Asker: 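Take a look at the following structure, please.
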Amino acid sequence: MMDKNFNPSEIEEKHYRDWEQAGVFSCDPNSDKTPYTIMMPPPNVTGSLHIGHALNHTLQDILVRYHRMRGYDVLWQPGTDHASIAVHMVLEKQLNEQGISRDEIGRKNFLEKAWEWKEYSGNTITSQLRRLGTTPDWKRERFTMDEGLSKAVLKAFVKLYEAGLIYRAERLVNWDPERQTVISDLEVIQKEQKGKMWHIRYPVEGEVEQFITVATTRPETMLGDTAVAVHPDDPRYKDMIGKSVILPITERLIPIIADEYSDPEKGSGAVKITPAHDFNDFEVGKRHNLQMISIMDEHANIVDKEFIPESYRGVSREKARELILTELEELDLLAGVETIKNTIPVGERSGVVIEPFMTKQWFCDTPTLAKPAAQAVRDGRTRFIPKQYENMYFSWVDNQLPWCISRQLWWGHQIPAWYDNDGNIYVAENEEEAQKQAGKGVELRRDEDVLDTWFSSALWPFSTIGWPEDTTELARYYPGDVLVTGFDIITFWVSRMMMFSLFFMDDVPFKDVYIHALVRDARGQKMSKSKGNVMDPLELIEKYGTDAVRFTLCAMAAQGRDIRLADERLQGYRNFITKIWNAAKYCEMNDCLSHKDFDPASAKSAPNQWLIHEINIVKNEIERSLDNYRFNEAANAAYQFVWGTFCDWYLEISKPLLQDEADKIDTIEVRKTTSWALKQILTLLNPFIPYVTEEIYANFYKKDENDRLITAKWPKYENSLVYSDAKETMEWLKSVVGEIRSLRADMNVPAGAKIELLVKGASERTKKSFKEYEEVIKRMARLSSISHVDTPPKGALQTIVGESCLILPIADIIDLEAEKARLNKVIRKIDDEIKKIEAKLGNDKFVNNAPEEVVTQQKSRKAEALDKRNKLYSALEQLSS
RNA sequence: GGGCGGUUAGCUCAGCGGUAGAGCACUUGCUCGACACGCAAGGGGUCACUGGUUCAAUCCCAGUACCGCCCA
């Protein structure tokens with residue numbers, strides 16, 4: 001016996017353990033099935049499951065389960081990412097609390113701690129993923145810093161270096177003075193703020209009382225100015241070009257140069273140039289061969305160097321600004337201040353202001369690598385779904401700047417480059433190899449830096465399955481079928497996988513990229529800890545069950561639109577899970593669990609044929625939707641069918657049929673059809689709601705220990721399972737019941753009262769149907785009897801279904817005036833409709849130009865409406881007479 | 001500033017060249033032995049605005065307004 005209530009938490013663990021132990025998640029490289037591959041976006045080891053993961057992994061799991069059932073050899077490759085900066089932040093915070101800096105404990109100890117912490121934290125996220133019921137091939141779980149992947153990273157670095165696509169250069173980079181490392185452009189957030197624009201007068205050399213006024217938001221950088229630029233066509237400055245100004249405070253002489261970078265419309269039209277502390281100025285500096293003076297150290301303090309006036313040495317950039325402004329004021333060189341809106345660069349993780357900083361770093365030539373990556377999408381070898389995300393992809397790959405890949409951190413892949421004392425570089429997969437290159441006895445020192453975390457992630461589609469070795473897995477599962485991810489990492493990750501995959505594998509990493517929505521809160525706000533509006537998927541699972549959470553996310557995952565997740569939705573879908581449970585209970589109580597030797601093509605009676613027909617349709621709908629990544633449509637089709645068709649109609653119809661012992665054959669067919677249908681429903685819904693379906697299956701259908709729904713075959717139906725006649729009959733039956741129910745409710749007939757039904761003008765076929773489904777109609781519409789008449793009695797309720805008129809002779813218990821009003825209302829509605837159709841049909845242009853089927857359709861609509869109106873009129877007359 | 005998306009029932013959202021849909025909420029009535037996390041019946045919409053294309057526009061096109069995102 002099934003429990004009265006469905007209790008998710010009790011069964012979820014049991015089934016998950018069983019699945020995992022049975023090894024059903026594993027791919028089989030030796031199988032002759034077609035492979036289907038999804039590479040899981042590796043969550044950070046620091047991470048814990050958030051609602052975005054829940055959506056991402058639910059959708060992947062649905063695809064994976066669906067394809068497994070359809071007979072593919074599925075590899076869902078799981079793993080985690082080492083998340084270099086994030087781990088540093090966690091560990092350094094822990095150290096800080098003990099008052100220790102990372103330099104004090106040293107690189108070796110720090111890394112030991114990092115690994116310890118990874119062991120501890122890495123399992124958190126994967127065990128949380130298990131709670132979602134996801135079924136990746138856990139036995140193949142990888143980590144971006146495990147031995148194999150580390151080897152792949154070294155190999156990739158060396159190969160790219162040898163191809164000239166990785167190089168070391170001194171460049172202006174985004175420096176995070178808090179984290180003490182370079183960060184990439186993507187990790188810098190442009191934050192809008194209210195700022196100030198200071199106008200400063202620079203005295204022109206050799207002139208008395210002549211100045212050029214420059215405007216700047218960062219006066220402190222003037223210590224590093226090496227020019228003043230004006231527009232070459234600006235008449236105000238034409239004859240100043242080539243002269244010099246005396247840089248206030250430092251009193252260096254710097255040239256006035258002509259460059260189109262300065263905008264004559266803005267401010268005074270003259271702009272100070274600080275090549276070592278501004279990206280635009282850097283470019284100007286390069287063009288004019290200007291000196292690049294770095295005035296800050298790695299803490300963003302002013303350097304302690306001779307060319308800096310003494311009072312500024314060693315002070316912070318903020319303090320330097322104050323001092324400069326005071327001094328300029330004293331010198332009477334401050335021409336004015338205005339308040340403006342501007343943007344400042346802020347570190348994504350640290351939150352501090354990023355300093356453009358001159359250092360030597362490693363770069364990857366992504367502008368070159370991006371070309372084939374862009375082309376692959378333009379050629380359609382990889383497609384984005386929804387398509388509009390291709391724009392985001394193109395805007396990134398088509399405008400690539402070199403990617404700075406070195407980081408001044410310890411946790412990560414240490415760069416495989418060695419230096420000798422003369423500064424020569426040797427890049428190799430290991431020190432031995434480097435030593436060979438350098439020659440015996442040459443003293444070598446390894447580069448201290450590690451690679452950007454995304455470098456190893458970019459290799460994920462092939463490094464996880466064996467690259468650089470030639471493994472069977474690599475040959476079999478590469479390229480992947482689809483990548484499922486959020487739009488926020490198209491730039492960080494997707495584009496880089498494309499670049500590296502095309503370079504190393506000479507093929508795209510996946511055929512489809514499905515971009516899913518962002519999950520927001522009920523009010524459309526982005527969830528964040530600081531706002532306190534995060535919904536913890538584990539709490540939701542506790543509260544509603546895993547199936548409900550999964551189904552909700554799936555049902556709301558419409559393409560191209562964010563998900564606003566509200567409690568009510570979860571409740572609604574939790575109710576749906578319960579509904580399925582109860583429907584199964586009904587089947588059990590009515591002995592509808594065995595369908596041995598039942599062939600759906602053998603069904604004879606209309607309700608059974610109709611149900612089979614509808615199952616066939618919903619199956620096709622689910623397939624079509626999933627094949628096109630229309631998850632919400634698949635979920636809604638399933639929902640409507642199970643609740644609206646199976647429960648509300650079929651099971652209700654089955655009740656009187658199952659009580660009717662007179663016709664044994666019919667009863668048996670109903671039992672078998674119900675049982676068969678329930679099993680189809682469980683199978684079709686298993687990818688979405690694996691637990692409740694597996695549990696019911698285990699209760700009713702499980703043949704032996706190794707029989708599980710998760711490994712069941714996806715249904716395939718004969719083309720013959722299309723029953724249009726049965727569908728027509730059942731639609732008629734639904735209309736009859738519906739009309740009577742509606743009439744009763746409108747006229748306030750007590751729900752408990754059993755009343756008589758008279759039918760006028762029924763065709764032979766209709767009469768036959770009334771006879772055949774008499775018990776069903778009587779029960780569902782709460783009728784005492786059904787009989788046919790030629791003339792309706794006076795003052796009865798009437799309604800029209802098809803050609804026949806349904807009459808409820810209950811004049812004594814209803815209000816005749818109310819009935820007249822009701823009829824008039826219905827007639828008015830139908831008149832409006834007729835008017836609309838007539839207008840159309842009266843329009844020659846419509847009749848001549850519209851496709852013929854549209855015209856005939858309108859004509860038959862009109863005929864039907866007219867017929868119905870006539871019948872309603874006579875009903876009204878009858879009432880009045 | 002450039003680009004992209006959105007605007008449909010009270011709310012959250014589907015849909016789509018020819019009858020406007022769902023869930024929740026709301027109203028009314030129900031102990032019809034699966035289910036009140038339920039059953040049944042309802043009410044509720046100038047499909048943001050202005051033009052254009054079309055026999056026909058909520059849907060296609062252009063523009064406007066507002067909201068959101070991405071990139072400078």
Side-chain angles (χ1 to χ4, degrees), chain A residues 2 4-6 185-186 190 279-280 343 386-396 398-399 487-488 490-491 517-518 520 522-526 544-545 548 552 555-590 592 630 632-633 635-637 639-640 643-644 647-648 651-652 654-656 659 737-752 754 778-782 832-833 836-837 839-841 843-851 853-855 857-858 861 864-865:
Chain A
M2 282 176 71
K4 183 167 189 308
N5 297 311
F6 175 59
D185 296 340
L186 285 171
Q190 298 297 332
F279 287 97
N280 290 315
T343 55
K387 200 171 168 44
Q388 69 257 26
Y389 286 105
E390 285 179 4
N391 292 324
M392 200 188 278
Y393 175 79
F394 288 136
S395 81
W396 174 246
D398 290 344
N399 299 293
F487 72 89
D488 46 332
I490 290 177
T491 49
L518 191 72
R520 299 169 175 278
R523 293 197 325 225
Q525 303 258 356
K526 212 166 163 170
Y544 299 109
T552 307
M556 299 189 75
Q559 287 186 7
R561 197 149 168 165
D562 286 346
I563 295 176
R564 292 197 191 189
L565 195 58
D567 238 26
E568 296 83 64
R569 297 306 292 262
L570 285 150
Q571 277 168 31
Y573 290 116
R574 186 266 325 265
N575 296 352
F576 176 58
I577 306 298
T578 313
K579 186 80 181 173
I580 294 173
W581 183 256
N582 285 311
K585 242 166 55 186
Y586 170 86
C587 295
E588 183 185 40
M589 291 166 74
N590 287 285
C592 297
R630 300 193 166 266
N632 60 319
E633 289 180 14
N636 286 322
Y639 183 99
Q640 296 299 341
W643 202 314
C647 292
D648 285 348
L651 291 185
E652 291 306 319
S654 79
K655 284 175 183 171
Q659 275 169 9
V737 172
E739 281 295 322
I740 299 170
R741 281 173 172 174
S742 173
L743 202 50
R744 293 176 60 124
D746 275 358
M747 289 297 114
N748 295 318
V749 178
K754 292 208 168 183
K778 271 161 72 177
R779 178 179 171 123
M780 295 185 84
R782 310 241 79 202
D832 283 351
E833 202 184 321
K836 262 193 218 160
I837 304 170
K840 250 184 203 175
L841 289 169
N843 183 349
D844 284 348
K845 282 181 183 168
F846 170 73
V847 180
N848 295 333
N849 291 317
E853 74 246 34
V854 176
V855 179
Q857 189 196 13
Q858 295 299 323
R861 266 186 73 201
E864 261 170 58

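Note that the coordinates shown come from a computational prediction; the quantities given were computed from them, not determined experimentally. In what follows, chains carry the letters A, B, and so on, assigned in the order in which the sequence lines appear, proteins first and then strands, with residues in each chain numbered from 1.
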Asker: Choose from B:rC70, B:rG38, B:rC30 the nucleotide whose nearest atom is closest to any side-chain atom of A:M392.
Answerer: B:rC70
Asker: Tell me which nucleotide among B:rC55, B:rG5, B:rA40 gets nearest to the side chain of A:A850.
Answerer: B:rC55
Asker: Rounded to the nearest angstrom, tell me the gap between atom CE in A:M747 and atom P in B:rU28.
Answerer: 18 Å
Asker: Can you tell me how far C1' in B:rG52 sits from the matching atom in B:rG44, rounded to whole Å?
Answerer: 33 Å
Asker: When you measure only distances, ignoring hydrogens and angles, does the side chain of A:R779 come within 3.5 Å of the base of B:rC32 through a donor and an acceptor?
Answerer: no
Asker: In whole Å, measure the gap between the P atoms of B:rG45 and B:rG10 for me.
Answerer: 7 Å
Asker: Within the modelled atom types, does a donor on one side and an acceptor on the other bring the side chain of A:R569 and the base of B:rC24 under 3.5 Å apart?
Answerer: no
Asker: Check the distance between B:rA22's P and A:N575's CG and give it to me in whole angstrom.
Answerer: 18 Å
Asker: Please state how far atom OH in A:Y389 lies from atom C1' in B:rC69, giving the value in whole angstrom units.
Answerer: 9 Å
Asker: Please work out if A:K840 contacts a base, only the sugar-phosphate, or nothing of the nucleic acid, heavy-atom cut-off 4.0 Å.
Answerer: sugar-phosphate
Asker: From CD of A:E568 over to C1' of B:rC13, roughly how many Å is that when rounded to an integer?
Answerer: 13 Å
Asker: By nearest atom, which of the nucleotides B:rC55, B:rU19, B:rG38 is closest to the A:N843 side chain?
Answerer: B:rC55
Asker: Pick base, sugar-phosphate or nothing for A:C647, based on heavy-atom distances below 4.0 Å to the nucleic acid.
Answerer: base
Asker: Please convert RNA chain B into dot-bracket. A pair counts if it is Watson-Crick or G-U wobble with both distances under 3.5 Å; crossing pairs go in [ ] and bases paired with another strand get |.
Answerer: (((((((..((((....[..)))).(((((.......))))).....(((((..]....)))))))))))).
Asker: Answer yes or no: is there a donor N or O on one side and an acceptor on the other, between the side chain of A:S742 and the main chain of A:E739, under 3.5 Å?
Answerer: no
Asker: So what does A:D488 touch, heavy atoms closer than 4.0 Å: a base, only the sugar-phosphate, or nothing?
Answerer: nothing
Asker: Considering only side-chain heavy atoms of A:E633, which listed nucleotide, B:rA41, B:rG15, B:rC55, is closest?
Answerer: B:rG15
Asker: What's the gap between B:rU7 and B:rG43 when it is taken at their P atoms, as a whole Å value?
Answerer: 26 Å
Asker: Please check this pair: side chain of A:R744 against backbone of A:A781, looking for a donor-acceptor N/O pair closer than 3.5 Å.
Answerer: yes
Asker: Below 3.5 Å, does any donor atom in the side chain of A:K579 face an acceptor in the base of B:rC35, or the other way round?
Answerer: yes
Asker: Kindly give the heavy-atom pair with the smallest separation between A:R779 and A:P656, and that separation in Å.
Answerer: CD-CD, 3.7 Å
Asker: Can you check the distance between B:rA48 and B:rC59, where both ends of the measurement are the C1' atom (answer in whole Å)?
Answerer: 15 Å
Asker: Mind calculating the distance between CZ (A:F846) and C1' (B:rG18) to the nearest angstrom?
Answerer: 7 Å
Asker: Base of B:rA34, side chain of A:E652 - is there a donor-acceptor contact under 3.5 Å?
Answerer: yes
Asker: Is it true that A:T552 and A:Y544 share a donor-acceptor pair across their side chains at a distance under 3.5 Å?
Answerer: no
Asker: Measure from CH2 on A:W581 to P on B:rG38 and round the result to the nearest Å.
Answerer: 17 Å
Asker: Main chain of A:K845, side chain of A:N843: is a donor-acceptor contact present, judged purely on distance under 3.5 Å?
Answerer: yes
Asker: Could you tell me the separation between the CZ atom of A:F279 and the P atom of B:rA72, rounded to a whole number of Å?
Answerer: 12 Å
Asker: Would you mind classifying the nucleic acid contact of A:S395 as base, sugar-phosphate or nothing, using non-hydrogen atoms under 4.0 angstrom?
Answerer: nothing
Asker: Starting the side chain at C-beta, find the nucleotide from B:rG15, B:rA41, B:rC4 nearest to A:R630.
Answerer: B:rG15
Asker: On RNA chain B, does the nearest nucleotide to A:R741 precede the nearest nucleotide to A:A751 from the 5' side, or the other way round? Give the residue.
Answerer: A:A751
Asker: Taking the P atom in each of B:rC4 and B:rC61, what is the distance between them to the nearest angstrom?
Answerer: 12 Å
Asker: Please give the distance between the P atoms of B:rG21 and B:rU58 as a whole number of Å.
Answerer: 15 Å
Asker: Rounding to an integer number of angstrom, what distance separates B:rA65 and B:rC26 when you compare their P atoms?
Answerer: 39 Å
Asker: Keeping A:R741 on the side-chain end and A:M780 on the backbone end, is there a donor-acceptor pair under 3.5 Å?
Answerer: yes
Asker: Does a side-chain N or O of A:K836 approach OP1 or OP2 of B:rG18 to a distance below 4.0 Å, or not?
Answerer: no
Asker: Regarding A:N391, tell me which of base, sugar-phosphate or nothing describes its non-hydrogen contacts under 4.0 Å with the strands shown.
Answerer: sugar-phosphate
Asker: Please tell me which of the listed nucleotides, B:rG18, B:rC39, B:rA34, lies nearest to the side chain of A:Q857?
Answerer: B:rG18
Asker: Checking side-chain polar atoms at under 3.5 Å, does A:K585 have a donor or acceptor matched by the opposite partner on A:N582?
Answerer: yes
Asker: Between A:Y639 and A:Y573, is the ring centroid distance below 6.0 Å?
Answerer: yes
Asker: Can you tell me how far C1' in B:rU19 sits from the matching atom in B:rU27, rounded to whole Å?
Answerer: 26 Å
Asker: Side chain of A:M589 only, please: which of B:rA34, B:rC70, B:rA14 is the nearest?
Answerer: B:rA34
